[in-house]
Structures are given as structure tokens and as C-alpha cells.
Amino acid sequence: MIGYLTHDHSLINAFRAFAAAPASAASRGRARRKPVTAEERIFKMAPKLSDYFGAGEIIASKGALDRPISGIVMDSRRVVPGNLFFALPGLRTDGSSFIDEAVTRGAVAVVTAKLPVHAPAKVTFIQVADPRAQLARVAQRYYRFPDRDMSVVGVTGTNGKTTVSHLVKHLLNGDQRVGLIGTINYDLGARTVPSFKTTPESVDIYGMLAQMRDAGCRQAVMEVSSHGIDQQRVLGLGFNVAVFTNLTRDHLDYHKTLDSYFEVKTRLFTGGTGAAPKLAVINLDDPHGEKLAALIPEGSRTVTFGENPRAQIRAEDVSLNFKNTTFRLVWPGGAMQVESPLIGRYNVSNLLAAIATAWALGRDPVVFMPRLKTFPGVAGRMERIEAGQPFNVLVDYAHTDDALRNALGMLRAITPGRLLVVFGCGGNRDRSKRPLMVRAVQEQADFAFATADNPRGESLAQIFADMKAGVTAPDKITWIEDRRRAIGHALDIAQPGDCLLVAGKGHESYQEFADTVIPFDDRQIVRELIAVKTLKN
Ligand SMILES: CC(=O)N[C@H]1[C@@H](OP(=O)(O)OP(=O)(O)OC[C@H]2O[C@@H](n3ccc(=O)[nH]c3=O)[C@H](O)[C@@H]2O)O[C@H](CO)[C@@H](O)[C@@H]1O[C@H](C)C(=O)N[C@@H](C)C(=O)N[C@H](CCC(=O)O)C(=O)O
Ligand SMILES: Nc1ncnc2c1ncn2[C@@H]1O[C@H](COP(=O)(O)OP(=O)(O)OP(=O)(O)O)[C@@H](O)[C@H]1O
Ligand SMILES: N[C@H](CCC[C@H](N)C(=O)O)C(=O)O
Ligand SMILES: [Mg+2]
């Protein structure tokens, strides 16, 4: 262990404050757009608190409504003087318990579901029906509707969101500056910062879209997680395009059933998050994609992709190997040969999703496809580690049974020797996927080291116990709690011709325990251990 960060996520909070800082007065002045509605016109003047609320949104209030605010915050620990604090009901606690703390830190106004009986006179209290929904509405107004100045693409699905988002950004980048919000980083146009959430809170999203707008981005791509949709983080956001990659088992700790998980995803396409997107880009190779296509409202255009002969954007004659993937791309009005260093059949799907999105946005594949050649890949997604070892090592972010099955199935087909895996299951996430992940590994791999992923607040003994319910071939799996040691053992037994997949943490540069977050990067650790091994031999 090199050191540790305390679990209060001070670093993460610092990134967050940095990423979502309100546009400065100067940058607000630089905005190039023309206000189009009466509501937007208000924000040309110095806005006051009441301007951020629409008709009927305030149920009751105490204190002045005509005061200015210096920012919007939903976590009392982030309040600075002059802020408007949103007290949100949560799964673990209630933001209302932190109103006193927020006021002590300088909040001048509080939005809450229930007015307090004894309220400090200097603070304004506003009662609304749904503080979480209201947060999104207020944030959108505070940041002056940045989504209306840009074409925003939202990508949802269990797997492939990050890969597709980065591909879309890359394909569109040649024409214009494209912002990005996703699992790995936030590209705000003028600067890129590390991510703290795949789909951040609404106030952070609108804040970041405003920074992109002010940096000249007219196009943005963002991953939209099911948690993000359900927690109204994208409420009211006007998506130009919504993309559906696939739906397989994950997050059932939160959604309980696959049907309700699917229902949450459909909201992005049917207007359930505000307005329906103008364009719906849907994977027809996934049975849930077929179902979704039938739900798209009139007024939205649907573009389908897949190997399915009915898909508008289609891959034919797919050829896969360890070095690259080739297929014939067919679209209404043309066809061409595609070659990409992204390996695995699921990446054909990701490539088609991105191509379909660019095509749906009016771009010509003949013009944008040459850009694929310079796509650098996505960090921690089938990332090859070449440190002079005589066998293949790949680091991948597969953390569901479907992703593991796909990743291992693909490597199996192209590995002459044994297929080895290091993997684990995250804590405080879906427990039901744990035995299924073990099954997927047993089906495809010759030998596996089960270890810690991010245990978070759960004991590793509990996580291992859940995983063990899926064991049918105990001789194939060695259980080693320490992830670094597990990787070391796997490297020790690997022989020329073998392939080692280190799965689950991909680009992550930390490991999260109950009360500490330690620096931990699978890619760096593999390199270090190979170097040590080489020195010893
Ligand atoms: C399970 C889940 O999604 N939880 C989210 C939920 O937390 P919660 O309901 O438990 O909140 P809580 O801790 O009870 O707190 C309630 C309120 O009190 C506030 N509070 C709390 C403590 C304090 O000292 N002061 C204070 O003001 C909190 O800011 C919050 O607004 O609401 C919070 C904001 O109100 C979110 O930050 C939190 O996301 C947590 C951090 C999280 O880890 N979410 C993950 C699962 C997530 O969203 N992941 C998806 C990706 C999933 C995928 O791979 O597809 C993502 O988009 O990142
Ligand atoms: N289209 C796909 N279908 C199935 N599995 C995929 C697909 N694309 C990627 N994967 C697998 O899922 C892993 C995660 O991919 P990616 O990061 O693109 O997905 P994501 O949806 O953004 O995940 P997360 O929800 O954790 O942010 C990859 O490392 C790979 O193993
Ligand atoms: N976005 C996913 C990431 C999982 C990554 C894996 N390393 C884990 O910690 O389980 C989630 O929050 O479920
Ligand atoms: Mg992602």
C-alpha cells in the first residue's frame, strides 16, 4: 500500500467541486446563444431565488424569495456562503437532518419537502412536492438551459455505454468540439477531469454542460445509467439522440427485477425523463431492443443497428481475431468494409451503435469512417499489457456475468494455451450476479483466481460466500483475498501461449474498502509484478 485516502471521499468531492463549478460571471457573459423563451429571458437580468422556480412549483415558503444565491448544493458538506441547499430524502439518511449544518456553513436558502416549525429568520425555506425533481429543474434554469444550446447524445444499456460514448465522440470530433460525461472522465471542452460517477447528479450535469457550452461545444455525449434515470439526474434534459446498447443482469440490488430495470431504461426513450429524444438508436440484436423499438413514441425517429438483417445499420461477414475485427457495414444508401482494432463480437455491436448515432445525426459514413483508424481504444477495456512477458495479459472492465462470458468466450477462441482469470465482485452492489459471474468464469476459463474487487462496506467473507454459491468446479478456482497477490499468483503460473484476463476494475486507479480508498491500478500492478519477476529470473 502506497498510502490511503480517507473514506469521506475528500478527493472525489474536490474533483466534483472543480468539475461542476458554476460558470463565472465572465464566462456567463461570453455565452453566444440567444434566449428563446420568456423564462430564459429572465436570466439576462440578475436572477433572484424565485426566478428558478416555475409556476406552481413552490407549495409554501418562509422568508425572502427575492434574494440572489451563489450556487446550488445537495450535500451539506459542500455548502459555501450564499448557497441554496436542497435537502433530499435518501436511501440511507434524509438530507433534512443536515439543514442546520448547511445553514451553519452559510446556506441562505433551503428547499425541502416539509417546512420546519422553527426556521432561522435570515434563511429562506421553500417547500416543494419532490425536492430531487425540483433540484434538476432549478439547476437547468440556474445554468441557463445548456442542453438547449447543444445536441446531446445519451447512451444507456447494461454494458458498452463507455465504449460507445468514446466512439461517438471520436467519430464526431473531426467536425466539432464534443463534450463527454461518463465513467472514466468528464471532457468539459476546455479541460478534462476524472469522473466521480457515470451519470452525476443533475446539478453537476447541468453545471458541466454549461462549461462545455461556454468552451464552444455544440455537441455532447453522455452515459446515462439506470440509477441516473431513476434518481432524476437527467430530468428535463433535452436529448437529441438516445442510444440503447443492451440489457442483461445487473443492479438488481436497486431495481429488484429485470423488468423494472428495463422499465427505468425505457424512460429515456419514451419521455419519462421529460421530453422524448428526437432520435432513438436501438440495438436490434438484443431482445430488449426489439421491445424498446415498439415503445418509441410518434414524433421520435428510430434508427436500428445490429447483425439482425432487419437492422438499418448492419454488420455482415464479421471476421474476428486477436489483432482486429472486420465486417461489411451496410446502411441505407451505401456499404463499405470496416476494420477496427477493437476485438470481440460485442465490439461489433458497439461500433455499429456509434456509427448509427453519427449517421442519425446526419453524418456520412464515407466521410467519418476513416476516423476509426485513429481511435485509441478505451482505457481498461480489453487493454493489452505488454511488459515483455511471453503470454498475453489483458485488463478489462467486465463486471457482470454477460460481460465475463463475452470477454472470456472471445479470448478462448483465440488462445492456443490456457485461459486464466483474476476476478472478484464489488461490494454494496447486486449480490444476485455474484454466483452467475462465477458460473461464467468456470464455463470459459481453465483456471481462475477469485479475489477482491471493490469490497466497499461489505465483508469479503460475505462476498466470497455469495460467489461460492455458483461454484460447480472447485478445482478450477483459488480464493485469494488480496488482489495484488492474486494477480501475482496468476502471473507465476502463466506459460507461453496462455492468456490472462484481469477483470472487473479496468481503468479504475483505486480500490474501495469500508473506510479507506487505496491507490490500486490493475494495469500498473501487472507491469510492476512482471518487472519484479523478470529481475528475479
Ligand atoms: C445507491 C445510490 O444510487 N445512492 C445514491 C443516493 O444515495 P442515498 O439515497 O443513499 O443518499 P443518502 O446518503 O441517504 O443521503 C441523502 C441526502 O443527504 C445528503 N447528505 C448526506 C450526508 C451529509 O453529511 N450531508 C448531506 O447533505 C446527501 O447528499 C443526499 O442528498 O442519492 C445520492 C444523492 O442524493 C447519490 O449520491 C447516491 O449515489 C451513490 C453515491 C452511488 O454509489 N451510486 C451508484 C450506485 C451509482 O449511481 N452508480 C451509477 C452507475 C451504475 C452503472 O454502472 O450503470 C452512476 O451513474 O454512477
Ligand atoms: N456491447 C457490449 N455487450 C456486452 N458486453 C460488453 C459490451 N461492451 C463492452 N462489454 C463488456 O463490458 C465491459 C464494460 O464496458 P463499458 O465500460 O463500455 O460498459 P458500461 O456500460 O459503460 O459499464 P458501466 O455501467 O460500468 O459504466 C467491457 O470491459 C466488456 O467486458
Ligand atoms: N458502474 C459499476 C462499476 C462496477 C465496477 C466494479 N469494479 C465494482 O466495483 O463492482 C457499478 O457501480 O456497479
Ligand atoms: Mg460506463
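Every number for a ligand or one of its atoms is a count from 1 in the order of the listing.
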Exercise. For the salt bridge (Lys or Arg N to Asp or Glu O under 4.0 Å) test, which of Asp401, Asp402, Asp466, Asp250 pairs with Lys433?
Worked result: Asp250
Problem set entry | Asn246-ligand 2 polar pair, N/O distance under 3.5 Å |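 Asn246 vs ligand 2: N/O contact under 3.5 Å present.
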Exercise. For Gly160 and ligand 2, does the shortest N/O to N/O distance drop below 3.5 Å?
Worked result: yes
Would you say [Y] and [X] are linked by a side-chain donor-acceptor pair, where the criterion is simply a distance under 3.5 Å?
X      : Y      : answer
Asp204 : Tyr186 : no
Gln134 : Arg137 : yes
Tyr206 : Gln211 : no

For this session: Would you check whether His399 reaches within less than 4.0 Å of ligand 2, judged by its heavy atoms?
Result: yes
Exercise. Contact between Thr400 and ligand 2, counting heavy atoms under 4.0 Å?
Worked result: no
Problem set entry | Under 2.8 Å: N/O/S of Thr162 next to the Mg ion (ligand 4) |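 So Thr162 counts as coordinating the Mg ion (ligand 4), yes.
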Exercise. The Mg ion (ligand 4) to Thr183: any N/O/S contact under 2.8 Å?
Worked result: yes
What about [X]: any of its N or O atoms under 3.5 Å from an N or O on ligand 1?
X      : result
Thr199 : yes
Thr93  : yes
Gly90  : no
Phe98  : no
Ser226 : no
Tyr254 : no
Lys197 : yes

Nearest protein heavy atom to [atom], by residue and atom, and its distance?
atom                    : value
atom 4 (C) of ligand 2  : Asn406 ND2, 3.2 Å
atom 27 (O) of ligand 2 : Thr183 OG1, 2.8 Å
atom 8 (N) of ligand 2  : Asn350 ND2, 2.9 Å

Exercise. Should the proximity of Thr163 to ligand 2, defined as any heavy atom under 4.0 Å, be assigned to the side chain, the backbone, both, or neither?
Worked result: both
Side-chain ion pair, [X] and [Y], N-O less than 4.0 Å:
X      : Y      : answer
Arg483 : Asp522 : yes
Arg439 : Glu443 : no
Arg429 : Asp253 : no

For this session: Give the C-alpha distance, both sets of side-chain angles, the deciding distance and a yes or no for salt bridge (Lys or Arg N to Asp or Glu O under 4.0 Å) between Asp259 and Arg249.
Result: CA-CA 10 Å; Asp259 283 348; Arg249 191 188 189 94; over 6 Å; no
On a heavy-atom basis, I'd like to know which of [options] is closest to [atom].
atom                    : options                        : answer
atom 35 (O) of ligand 1 : His227, Arg132, Lys161         : Arg132
atom 44 (N) of ligand 1 : Gln232, Arg233, Gln231, His251 : Arg233
atom 43 (O) of ligand 1 : His399, Arg429, Arg456         : Arg429

Problem set entry | Given His251, His288, His255, the one that forms ring pair (Phe, Tyr, Trp, His ring centres under 6.0 Å) with Phe262 |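 So, applying the ring pair (Phe, Tyr, Trp, His ring centres under 6.0 Å) to Phe262 and each of His251, His288, His255, only His288 qualifies.
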Exercise. Is the side chain of Ser70 donor-acceptor paired with the backbone N or O of Asn83 at a distance under 3.5 Å, no angle test?
Worked result: yes
Exercise. Between the main-chain N or O of Glu512 and the side-chain N or O of Arg456, is there a donor-acceptor pair closer than 3.5 Å?
Worked result: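 No: the side chain of Arg456 does not pair with the backbone of Glu512.
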For this session: Please step through salt bridge (Lys or Arg N to Asp or Glu O under 4.0 Å) for the pair Glu508 and Arg523, ending with a clear verdict.
Result: CA-CA 9 Å; Glu508 292 176 358; Arg523 300 160 298 180; over 6 Å; no
I'd like to check which ligand 2 atoms, numbered from 1 as shown, lie under 4.0 Å from a non-hydrogen atom of [X].
X      : answer
Thr158 : 21 (O), 25 (O)
Thr198 : 27 (O)
Arg381 : 15 (O), 16 (P), 17 (O), 29 (O)

Exercise. Do Phe98 and Thr93 come close enough that some side-chain heavy atom pair is under 4.5 Å?
Worked result: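 A side-chain contact under 4.5 Å exists here.
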For this session: Begin from the C-alpha positions of Arg345 and Glu307 and carry the test salt bridge (Lys or Arg N to Asp or Glu O under 4.0 Å) through to its verdict.
Result: CA-CA 10 Å; Arg345 192 152 216 125; Glu307 292 184 49; 3.0 Å; yes
Exercise. Which atoms of ligand 1 are found less than 4.0 Å from any heavy atom of Phe85?
Worked result: 27 (O)
Problem set entry | Contact partition for Phe196 relative to ligand 1, non-hydrogen atoms under 4.0 Å |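 For Phe196, there is no contact with ligand 1 at all, from either part.
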